[in-house]
Amino acid sequence: MRYNTIWLSDIHLGYRDCKADYLLYFLNNTQANTLYLVDDIVALWAMKSSFLWPKSHHEVLRKIIALANNGTRIVYVPGNHDGLVREVIGNSILNIEVCANYVHTTAEGKRLLMMHGDELDHAVLCSPFRRLVGDASYSLLLRMNRWGNCIRRWFGLPYWSLAYYVKNRVKNAREAITAFEEAAAQEARRQQVDGIVCGHIHQPEIRNINDVLYCNDGDWVESCTALVEHSNGKLELVHWADLQQSIKSDLAANDETITAPYALPRLSP
């Protein structure tokens, strides 16, 4: 499958819950003129406390470097988990351009601002205690997700994200997600672009917010999603795990009947 552009974010290589095998499968079965790495590619925060680097994580990194050496333009926008990379912004490393943010122009002429999203954390008002409880609850959900999918595999069922399912049904979590999305759209409007692409909150979405196209390409810890641009400029979210499916396109960005959470991933083949 060939695309004009692919956006990936929140891969978290070096983190136990990174779905590196699914990502490597995706990279081996797609091609793009440009690949944008929108933040948190390596989980440097997690690796400070516990070093983890399985073969599958190494293979993903090797694949990205190989793509850069074989004609794919790669632009890397560091996030908060790989913030050390921000020290080399403006340079090129292994043919990979490192930028603080970037504006991509689609085949349709839409100008999309790219940024990680941690710059917008101020929009999500949360006390330190609630943030601590939220982090602990999220870690527990990921652990349960890990064991739950082991059981699903025994029964021949495809990957399914418990963390994604629960997070989208907790009122406070949904309010925080909405606040972040609206802040991102406001930043795009301030910079006078047509839309914005970011990651950070592990919540894939394409929707129109006050005439600004908001795109979040999701993550490879929970949802296993990417944002892609087709040759005609159409933008689309795709899910890629045991099952591959299209989730939503920019043509449906104004359709209020298609709202998150999507059927992601499907519960059965």
Side-chain angles (χ1 to χ4, degrees), residues 1-47 52-70 72-82 85 94-96 114 116-117 142 145-146 149-150 152-153 158-164 197-205 215-229 235-248 262 264-266:
M1 300 179 68
R2 184 164 190 89
Y3 301 107
N4 275 3
T5 316
I6 293 174
W7 287 266
L8 302 173
S9 73
D10 294 278
I11 297 173
H12 293 279
L13 295 172
Y15 183 53
R16 182 180 300 276
D17 290 291
C18 166
K19 305 299 184 292
D21 289 330
Y22 293 142
L23 177 56
L24 188 61
Y25 181 35
F26 173 80
L27 291 172
N28 284 333
N29 286 275
T30 56
Q31 290 181 309
N33 299 326
T34 305
L35 170 62
Y36 291 113
L37 303 174
V38 194
D39 69 63
D40 291 353
I41 305 308
V42 180
L44 296 178
W45 278 11
M47 293 172 70
L52 176 74
W53 196 255
K55 182 181 178 181
S56 58
H57 295 212
H58 185 66
E59 290 301 317
V60 167
L61 196 58
R62 285 186 60 188
K63 179 64 178 181
I64 291 172
I65 293 171
L67 289 172
N69 290 331
N70 287 282
T72 300
R73 185 188 178 208
I74 300 184
V75 178
Y76 181 9
V77 178
N80 56 313
H81 283 266
D82 49 12
V85 183
L94 300 173
N95 294 322
I96 298 173
M114 280 181 299
H116 171 45
L142 290 179
N145 190 66
R146 202 182 309 144
N149 276 288
C150 284
R152 289 180 62 82
R153 281 195 293 272
Y159 171 80
W160 180 72
S161 176
L162 173 66
Y164 181 88
V197 180
C198 56
H200 189 46
I201 60 171
H202 297 201
Q203 183 72 18
E205 177 64 285
C215 303
N216 194 304
D217 52 8
D219 66 283
W220 292 85
V221 173
E222 302 172 44
S223 54
C224 301
T225 54
L227 178 70
V228 299
E229 178 196 354
L235 299 172
E236 189 173 43
L237 276 170
V238 294
H239 165 66
W240 198 290
D242 299 313
L243 302 172
Q244 295 87 50
Q245 60 181 311
S246 170
I247 302 172
K248 189 178 184 181
Y262 311 114
L264 166 69
R266 296 179 185 134

request  = Check whether any side-chain heavy atom of Val42 lies under 4.5 Å from a side-chain heavy atom of His57, and answer yes or no.
outcome  = no

query = So, does His58 use its side chain to make a donor-acceptor pair with the main chain of Trp53 at under 3.5 Å?
reply = no

task = Kindly compute the distance separating CG (Leu227) from CD (Glu205), expressed to the nearest 0.5 Å.
result = 11.5 Å

key: Heavy-atom side-chain proximity of Leu8 to Leu27 below 4.5 angstrom   = yes

ask   = Asp21: what forms a side chain to side chain donor-acceptor pair (under 3.5 Å) with it, not counting sequence neighbours?
value = none

ask   = How long is the gap from CG on Asp40 to NE2 on His200, to the nearest 0.5 Å?
value = 8.0 Å

task = Would you check, one step at a time, whether the test side-chain contact (heavy atoms from CB on, under 4.5 Å) holds for Leu37 with Ile74?
result = CA-CA 7 Å; Leu37 303 174; Ile74 300 184; 3.8 Å; yes

ask   = Going from NZ on Lys19 to CG on Asn149, what distance comes out if it is rounded to the nearest 0.5 angstrom?
value = 7.0 Å

ask   = Quick one: does Asn145's side chain have a donor or acceptor within less than 3.5 Å of a partner on Leu162's backbone?
value = yes

His12 side chain to Cys18 backbone, donor-acceptor under 3.5 Å = no

task = Can you sort out the partners of Asp242 under side-chain contact (heavy atoms from CB on, under 4.5 Å), two or more places apart, ordered by chain and number?
result = Tyr22, Pro158, Tyr159

query = With sequence neighbours excluded, what pairs up with Asn28 under the side-chain contact (heavy atoms from CB on, under 4.5 Å) test?
reply = Leu24, Lys63

query = For the residue pair Ile6 and Ala226, what are the closest heavy atoms and their distance?
reply = CG2-CB, 4.5 Å

query = Quick one: are Leu142 and Val221 in side-chain contact, heavy atoms under 4.5 Å?
reply = yes

task = Evaluate whether atom CZ of Arg146 has more than 12 neighbouring non-hydrogen atoms of other residues, nucleotides or ligands under 6.0 angstrom away.
result = yes

task = Starting at CG of Leu237, measure out to OG of Ser223 and round the result to the nearest 0.5 Å.
result = 9.0 Å

request  = Would you give the length of the straight line joining atom CG of Asn29 to atom CH2 of Trp240, rounded to the nearest 0.5 angstrom?
outcome  = 5.0 Å

Gln31: partners by side-chain contact (heavy atoms from CB on, under 4.5 Å), with sequence neighbours left out = Arg2

For Thr5, side-chain contact (heavy atoms from CB on, under 4.5 Å) partners two or more places apart = Trp7, Thr34, Tyr36, His104, Glu229

query = Given side chains that start at C-beta, do those of Ile96 and Ile64 come closer than 4.5 Å, heavy atoms only?
reply = yes

inquiry  = If the test is side chain to side chain contact (heavy atoms under 4.5 Å, CB included), which one of Asp217, Val238, Ile247 qualifies with Thr225?
reply    = Ile247

message = With heavy-atom distances below 4.5 Å as the criterion, would you say the side chains of Cys224 and Phe26 are in contact?
response = no

key: Gap between atom CG of Leu67 and atom OG1 of Thr72 - 0.5 Å precision   = 4.5 Å

note = Correct closest heavy-atom pair for Trp220 and Ser9 would be CD1-O, 3.7 Å

inquiry  = My understanding is that only residues two or more places apart in sequence, or in another chain, count here; which of them pass salt bridge (Lys or Arg N to Asp or Glu O under 4.0 Å) with Arg153?
reply    = none

